[in-house]
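Some notes on the structure that comes next.
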Amino acid sequence: MTQRDLLTYRRRGLFGRPSNTRILKNGDSSALVRSRPSRDPSPSNLTATQKYFLEWNAQRLGITIEDSRDRYLRSWNVVSGGHSGRAFGKFHRHCYDIFRVFADDSPKEVMDAYKIHGPVHFLTMLTYPEPQWFDEDFIVKYFRGRSSIGILDFGCGLAQQSRTLAEFLTGKGLEVRIALADIPTVRKEFLVWWGSRTGIPLTFLDCTTKSPIPELPQSDLCFALEFFEHVYDPLAYFNSIDQALTGGGLLVTNISDHHKDFMHVSPKLAPLRDAVKARRYEDVLTNFIFSKPPFCSIPI
């Protein structure tokens, strides 16, 4: 099994049954899950994020939760397999080609493209699985004993990893603040609502054409999953993240090479891997989880 398999897929035991944890190179385990649509073809067992979505959409539209659920199921049932199925994936790819007439993934147009495709991205991300955090999880143990923690999620999507962790740690008595950095699409309103709904202090940092890298708050943990391949200057983004991350902090990311695709504008990330190594980050899980050295880094 490759290192990529360890993070993006649940390890499989006998007869292909998924296990509950992911094993890191030091023997610890983590609840991290893949950032891609779930294989579960049915929306009968809604995730916490889907339940939050139904509540948010009901409030936004002034309808009942039941009507909100009915709308979601009607949308889901339009194509075979719903929003996580092959038919929806094919529709999604067609959207990229069809709406390129308005905006493609060139440097000047890519942010407009993300806004155009925002609703489809939203529905797809709603199908992502969520981590089931536990006390002996590597990331949970890493911050055990602290009274507070700052979490940054850059290129957050719907922030399933960071939001669920924030809720888990809050339940353990930690003071958690969370900063989400992304292009302001329809997802922003939902995420800001979630912060208000849960009472977890949340800041949404807009990534815009004029300011693609917003000013980042000091953070103890940064998620940047499935992110660096989507930006034209990965080193500039890493430099900003590195400056924001406290000494000894964790960076959870994916800096393996990716396939060339629409919006995968930097699929080859060898220069980024070299930069991470030059900053003397320790790899807890190769190309995925890193701990920052306690001393301050020097900008690239």
Side-chain angles (χ1 to χ4, degrees), residues 1-12 18-19 21-37 125 128-131 133 137-143 151-157 159-162 164-165 181-182 213 216 219-261 263-294 297-300:
M1 179 172 287
T2 66
Q3 294 286 354
R4 180 177 176 81
D5 292 332
L6 286 175
L7 184 65
T8 57
Y9 295 94
R10 287 194 176 277
R11 294 181 72 243
R12 292 187 172 271
S19 64
T21 59
R22 238 161 225 85
I23 306 302
L24 281 62
K25 63 188 299 183
N26 61 359
D28 281 331
S29 57
S30 178
L32 291 168
V33 293
R34 57 183 183 160
S35 296
R36 58 181 64 182
M125 291 175 183
Y128 287 5
E130 296 183 338
W133 300 101
D137 179 276
F138 169 76
I139 295 175
V140 174
K141 287 197 303 180
Y142 195 86
F143 295 104
I151 300 175
L152 169 66
D153 195 334
F154 209 121
C156 63
Q160 274 94 337
Q161 317 279 353
S162 56
T164 54
L165 179 61
D182 210 330
I213 306 177
L216 304 178
S219 304
D220 305 295
L221 168 64
C222 175
F223 289 94
L225 287 163
E226 310 303 330
F227 166 68
F228 286 108
E229 71 273 18
H230 289 274
V231 295
Y232 278 97
D233 191 353
L235 291 181
Y237 285 85
F238 170 64
N239 187 56
S240 292
I241 290 172
D242 177 59
Q243 293 302 303
L245 195 60
T246 57
L250 285 184
L251 172 61
V252 181
T253 184
N254 180 359
I255 56 175
S256 297
D257 287 340
H258 294 258
H259 62 278
K260 178 65 178 176
D261 202 353
M263 294 183 178
H264 280 195
V265 297
S266 296
K268 304 302 180 183
L269 295 173
L272 177 58
R273 292 192 291 273
D274 291 341
V276 173
K277 183 177 180 180
R279 299 290 179 87
R280 299 184 181 180
Y281 277 67
E282 178 185 356
D283 60 330
V284 180
L285 178 61
T286 301
N287 291 336
F288 291 99
I289 303 178
F290 302 88
S291 61
K292 181 178 178 178
S297 299
I298 300 173
I300 295 173

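Note that this is a predicted model, so its numbers are computed, not measured. Numbers for residues simply follow the sequence, beginning at 1.
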- Query: Between Y128 and S35, is any pair of side-chain heavy atoms under 4.5 Å apart?
  - Reply: yes
- Message: So L285 and L32, do their side chains get closer than 4.5 Å, heavy atoms only?
- Response: no
- Query: Backbone N or O of C156 within a donor-acceptor pair of the D182 side chain at under 3.5 Å?
  - Reply: yes
- Is the shortest heavy-atom distance from the side chain of R279 to the side chain of F238 under 4.5 Å? yes
- Message: Within the structure provided, determine whether I241 and F228 are in side-chain contact (heavy-atom separation under 4.5 Å).
- Response: yes
- Task: State, with a plain yes or no, whether a side-chain heavy atom of F138 is found less than 4.5 Å away from one of L250.
- Result: yes
- Note on the structure: Heavy-atom closest pair (K292 atom, D242 atom, distance to 0.1 Å) is NZ-O, 2.6 Å
- Task: Specify whether F227 and F154 have parallel, tilted or perpendicular ring planes, treating 30° as the upper limit for parallel and 60° as the lower limit for perpendicular.
- Result: tilted
- Value rounded to 0.5 Å, distance of CG in L272 from OG in S266: 9.5 Å
- Give, for atom CG of N254 and atom CG of L225, the distance between the pair rounded to the nearest 0.5 Å. 7.0 Å
- Message: Can you give me the closest heavy-atom contact between T164 and W133, atom names plus distance?
- Response: OG1-NE1, 2.9 Å
- Rounded to the nearest 0.5 Å, how far does OG of S29 lie from CD1 of I139? 10.5 Å
- Message: Quick check: closest heavy atoms across L235 and P271, and the distance to 0.1 Å?
- Response: CD2-O, 3.7 Å
- Query: Quick one: are Y142 and V284 in side-chain contact, heavy atoms under 4.5 Å?
  - Reply: no
- Query: Do you know which two heavy atoms are closest between S219 and L152, and how far apart they sit?
  - Reply: OG-CB, 3.4 Å
- Between CG of L221 and CZ of F143, what distance do you get to the nearest 0.5 Å? 4.5 Å
- Task: Check the surroundings of atom NZ in K277: do more than 12 heavy atoms from other residues, nucleotides or ligands lie under 6.0 Å from it?
- Result: no
- Message: Working to the nearest 0.5 angstrom, can you tell me the gap between Y237 OH and I213 CD1?
- Response: 5.0 Å
- Message: For L269 versus S256, what's the shortest heavy-atom pair and its separation?
- Response: CD1-O, 3.4 Å
- Task: Apply side chain to side chain contact (heavy atoms under 4.5 Å, CB included) to the pair D257 and E229, showing each step before the final yes or no.
- Result: CA-CA 8 Å; D257 287 340; E229 71 273 18; over 6 Å; no
- Message: Checking V276 against T253 for the side chain to side chain contact (heavy atoms under 4.5 Å, CB included) test, could you report, in this order, the C-alpha distance in whole Å, the side-chain angles of both residues, the deciding distance, and whether it holds?
- Response: CA-CA 11 Å; V276 173; T253 184; over 6 Å; no
- Task: Evaluate the ring planes of H258 and H264, with Trp represented by its six-membered ring, and classify them as parallel (under 30°), tilted (30 to 60°) or perpendicular (over 60°).
- Result: perpendicular
- Stepwise, does the side chain to side chain contact (heavy atoms under 4.5 Å, CB included) test hold for V252 with Q161? CA-CA 10 Å; V252 181; Q161 317 279 353; over 6 Å; no
- Donor-acceptor under 3.5 Å (Q160 side chain, M125 main chain): yes
- Identify whether the distance between the nearest side-chain nitrogen and carboxylate oxygen of D283 and R273 falls below 4.0 Å. no
- Item | Pair L245-Y281, side chain to side chain contact (heavy atoms under 4.5 Å, CB included): steps then yes or no | CA-CA 12 Å; L245 195 60; Y281 277 67; 3.9 Å; yes
